[in-house]
Asks: 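Below you will find the structure I want to go over with you.
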Amino acid sequence: MEQSISLKDMNAMPYAVLPTQQKSAPYKVLAKSGQEIHPLKSYIERAHHIVIVSHDNPDGDAVGSALGLHFFLQKMGKESAVIFPNTYAQNLVWMDTERISLNYKDHPEKVTAILSECDLLFVVDFNRLSRAAEMTSLLQKLEIPRILIDHHPEPDTESFHLGFSNTQVSSTCEVLYRVIYNELNPDYIDAHVGACLYAGISTDTGSFSYSCSHAEVFLAIADLINRGLDTVKVHQNIFDNFSESRMRLLGCCLGERLVVKPEYQTAYMYLSREDMKKFHFRPGDTEGIVNYGLSIAGIRFAAFFTQKEDTIRISFRSHGDIDVNDFAKEHFNGGGHANAAGASSNESLEATLAKFERLIPDFYEKAIRQK
């Protein structure tokens, strides 16, 4: 008879073991070349002014991991400041973002002052300091320990004194959960911490439609539920909390800005500056819209283009083993994950869309048709 293994036992092991098969390690521990690795707990215990930073245009995983870590550190008896390079989506405000965090774009002087007193920096949900946009130079100048917690490929190891990385899991929030279990103390995970972690996991998996084919993520969620997590409430806060104008913006995308290329199993949508002005765009209103392309039968590659002031932001999504990360890096100076990547273009919206259309046939032949 196979012996059952509890979640607590699994997380205490150097790698998770299910009764029938061995799983991969919960994360890789990274360090600078020649850097002595100290326990994470020792960095936290020595620190007096901790700062947590996520990437620009923070999504659910960035906000969830930053706020989840903040509330966890509070339970440890440590205070921290949460800083975002710019603002976050309004459907994430329920995590107490307005009270807890500052964003650099609106408060550059306050953020600069906070960073000047910082003696420990946590970087969550991005793998290189350049993803902090206008804050990059400030972070690079900090001569303090920098701790990375992330799930994106190719982390810039030399920028961090200590890092915890796993590119095979659902989200940074899942990595953070594993780090808490293995390096710190899971007894400090309460309902509020759990809600933040679940927010990141659920949004970075498209509400559990991709990047969640491993059993451990659901075991982690089961543990969070046992600690007070209300999954229904979190789901409602995130996915049933949009403004009327956002719903009309979505209607514009689906009704007027959707292009389907069935011969290439590809669909894309786009929004111009005029569209966004017409529908009173607010940060976060376009979050998740790219996934609607993949909900069309037969479509395996989807893209979404939004025209900002001086650039075109692009989101790519795919099904199965179609790698959009390589596509984003090769053609649009972007990157991310195999099934979800971001990129940008400095050309006009029309030129960017035309370039994408030119690339589709070749990408279909090389990356989609044979899969």
Side-chain angles (χ1 to χ4, degrees), residues 30-59 61-88 92-93 95-150 152 155-165 172 175-176 179-180 183-184 188 193 196 200 283:
L30 311 172
K32 282 184 177 182
S33 300
Q35 173 78 37
E36 182 181 356
I37 297 179
H38 299 287
L40 175 59
K41 189 175 181 180
S42 67
Y43 281 106
I44 295 173
E45 289 176 340
R46 292 197 301 265
H48 299 286
H49 300 284
I50 301 173
V51 171
I52 305 166
V53 176
S54 86
H55 57 74
D56 66 326
N57 301 308
D59 56 7
D61 194 26
V63 175
S65 55
L67 271 290
L69 179 57
H70 168 81
F71 292 122
F72 179 84
L73 291 173
Q74 275 193 335
K75 299 286 285 189
M76 289 185 67
K78 291 287 184 176
E79 290 298 323
S80 62
V82 176
I83 296 172
F84 301 116
N86 50 17
T87 194
Y88 41 79
L92 302 175
V93 170
M95 276 187 274
D96 223 358
T97 49
E98 292 182 330
R99 182 177 68 87
I100 297 301
S101 68
L102 285 173
N103 80 75
Y104 178 77
K105 184 176 182 180
D106 293 340
H107 305 282
E109 293 181 358
K110 286 185 178 180
V111 168
T112 301
I114 290 171
L115 287 174
S116 69
E117 297 181 355
C118 172
D119 58 4
L120 177 63
L121 179 72
F122 277 96
V123 168
V124 296
D125 201 38
F126 64 110
N127 57 0
R128 53 193 65 245
L129 295 179
S130 60
R131 286 293 314 279
E134 295 179 10
M135 286 180 57
T136 299
S137 60
L138 286 175
L139 300 184
Q140 290 173 334
K141 293 176 183 176
L142 295 177
E143 297 181 357
I144 59 173
R146 304 188 193 117
I147 311 296
L148 171 73
I149 301 177
D150 184 50
H152 293 87
D156 178 16
T157 308
E158 294 305 304
S159 292
F160 304 99
H161 293 77
L162 180 64
F164 303 92
S165 173
T172 294
V175 178
L176 176 57
V179 169
I180 289 172
E183 311 290 333
L184 302 170
Y188 293 142
V193 173
C196 294

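Note that the structure is a prediction, hence the values are computed from the model and not measured.
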Asks: Measuring from Glu109:CD to Leu102:CG, what's the distance to the nearest 0.5 Å?
Replies: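 Going from CD on Glu109 over to CG on Leu102, the span is 12.5 Å.
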
Asks: Hey, what do you get for CG (Leu162) to CD (Glu36), rounding to the nearest 0.5 Å?
Replies: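 The CD atom of Glu36 is 11.5 Å from CG of Leu162, to the nearest 0.5 Å.
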
Asks: Considering only heavy atoms from C-beta outward, does the side chain of Met135 approach that of Asp56 to under 4.5 Å?
Replies: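 No - every pair of side-chain heavy atoms lies 4.5 Å or more apart.
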
Asks: Would you say the side chain of Ile147 lies within less than 4.5 Å of the side chain of Leu40, judging by non-hydrogen atoms?
Replies: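 Sidechains of Ile147 and Leu40: in contact.
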
Asks: Indicate yes or no for a side-chain donor-acceptor contact from Lys32 to the backbone of Ser159 under 3.5 Å, with no hydrogens or angles considered.
Replies: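 Side chain of Lys32 to backbone of Ser159: no pair is present.
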
Asks: Find the distance between CG (Asp125) and OG (Ser65) and round it off to the nearest 0.5 Å.
Replies: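 If I round to the nearest 0.5 Å, the distance is 5.0 Å.
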
Asks: Would you say Asp61's side chain and Thr172's backbone share a donor-acceptor pair under 3.5 angstrom?
Replies: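 Pair found, side chain donor or acceptor close to backbone of Thr172.
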
Asks: Tell me, please, whether Phe126 has Arg128 positioned over its six-membered ring: NZ or CZ under 6.0 Å from the ring centre and within 45 degrees of its axis?
Replies: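 Arg128 over Phe126 ring: no.
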
Asks: Kindly say whether His38 contributes a backbone atom to a donor-acceptor pair with the side chain of Ser42 at under 3.5 angstrom?
Replies: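 Answer holds: no.
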
Asks: Whether the side chain of Arg146 engages the backbone of Gln140 through a donor-acceptor N/O pair (distance < 3.5 Å, no angle test) should be reported.
Replies: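 Yes: the side chain of Arg146 pairs with the backbone of Gln140.
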
Asks: Mind listing the side-chain donor-acceptor pairs of residues 110-118 below 3.5 Å, one per line with the distance, residues two or more places apart or on another chain?
Replies:
residue : atom : partner : partner atom : Å
Thr112  : OG1  : Pro108  : O            : 2.7
Ser116  : OG   : Ala113  : O            : 2.5

Asks: Evaluate Gln74 against Tyr188 for side-chain contact (heavy atoms from CB on, under 4.5 Å), listing each step before the verdict.
Replies: CA-CA 9 Å; Gln74 275 193 335; Tyr188 293 142; over 6 Å; no

Asks: Given side-chain contact (heavy atoms from CB on, under 4.5 Å), test Phe160 with Val123 step by step and report yes or no.
Replies: CA-CA 9 Å; Phe160 304 99; Val123 168; 3.8 Å; yes

Asks: Within the 4.5 Å heavy-atom criterion, are Leu148 and Val124 side-chain neighbours or not?
Replies: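 Sidechains of Val124 and Leu148: no contact.
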
Asks: Is Asn57 close to Phe84 at the side-chain level, that is, under 4.5 Å between some pair of heavy atoms?
Replies: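 Answer no - side chains too far apart.
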
Asks: For the pair Asn86 (side chain) and Lys105 (backbone), establish whether a donor and an acceptor sit closer than 3.5 Å, ignoring hydrogens and angles.
Replies: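 Answer holds: no.
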
Asks: With heavy-atom distances below 4.5 Å as the criterion, would you say the side chains of Leu121 and Ile50 are in contact?
Replies: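 Leu121 does not reach Ile50 side chain to side chain.
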
Asks: I'd like to know whether CD of Glu134 has more than 12 heavy-atom contacts from other residues, nucleotides or ligands below 6.0 angstrom.
Replies: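 No, the 6.0 Å shell around CD holds no more than 12 heavy atoms from other groups.
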
Asks: Kindly say whether Leu129 contributes a backbone atom to a donor-acceptor pair with the side chain of Thr136 at under 3.5 angstrom?
Replies: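 The answer is yes, because a donor-acceptor pair under 3.5 Å joins these two groups.
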
Asks: Nearest 0.5 Å please: distance from the CG atom of Leu184 over to the CG atom of Leu69.
Replies: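 Going from CG on Leu184 over to CG on Leu69, the span is 8.5 Å.
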
Asks: Between Asp156 and Asn127, does any side-chain donor sit less than 3.5 Å from a side-chain acceptor?
Replies: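 Asn127 and Asp156 do not have a side-chain donor-acceptor pair below 3.5 Å.
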
Asks: Taking the side chain as every heavy atom from C-beta outward, state whether Leu30 and Pro155 have any atom pair closer than 4.5 Å.
Replies: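 Side chain of Leu30 against side chain of Pro155, heavy atoms only: contact under 4.5 Å found.
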
Asks: Can you see which heavy atom on Val63 is nearest to which on Pro58, and at what distance?
Replies: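 Closest approach of Val63 to Pro58, heavy atoms only: CG2-CB, 3.9 Å.
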
Asks: Is there a side-chain contact (heavy atoms from CB on, under 4.5 Å) between Leu73 and Met76? Walk through the geometry before answering.
Replies: CA-CA 5 Å; Leu73 291 173; Met76 289 185 67; 4.2 Å; yes

Asks: When rounded to the nearest 0.5 angstrom, what distance separates CD in Glu183 from CD1 in Ile44?
Replies: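 If we round to the nearest 0.5 Å, Glu183:CD and Ile44:CD1 are 9.5 Å apart.
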
Asks: Taking ring-ring contact (aromatic ring centres under 6.0 Å, His included) as the test, write out the residues that go with His107, two or more places apart.
Replies: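 Not a single residue meets the ring-ring contact (aromatic ring centres under 6.0 Å, His included) criterion with His107.
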
Asks: So do the side chains of Val53 and Leu139 get within less than 4.5 Å of each other, counting heavy atoms only?
Replies: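 In short, these two side chains touch, coming nearer than 4.5 Å.
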
Asks: For the backbone of Arg131 and the side chain of His55, can you confirm whether one donor and one acceptor N or O come within less than 3.5 Å of each other?
Replies: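 Such a contact is absent between His55 side chain and Arg131 backbone.
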
Asks: Quick check: do Cys196 and Phe71 have side-chain heavy atoms less than 4.5 Å from each other?
Replies: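 Counting from C-beta outward, Cys196 and Phe71 do come under 4.5 Å.
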
Asks: To the nearest 0.5 Å, what is the distance between CG on Leu120 and OG on Ser80?
Replies: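 If we round to the nearest 0.5 Å, Leu120:CG and Ser80:OG are 9.5 Å apart.
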
Asks: Keeping Glu79 on the side-chain end and His49 on the backbone end, is there a donor-acceptor pair under 3.5 Å?
Replies: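 Between the backbone of His49 and the side chain of Glu79 there is no qualifying donor-acceptor contact (under 3.5 Å).
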
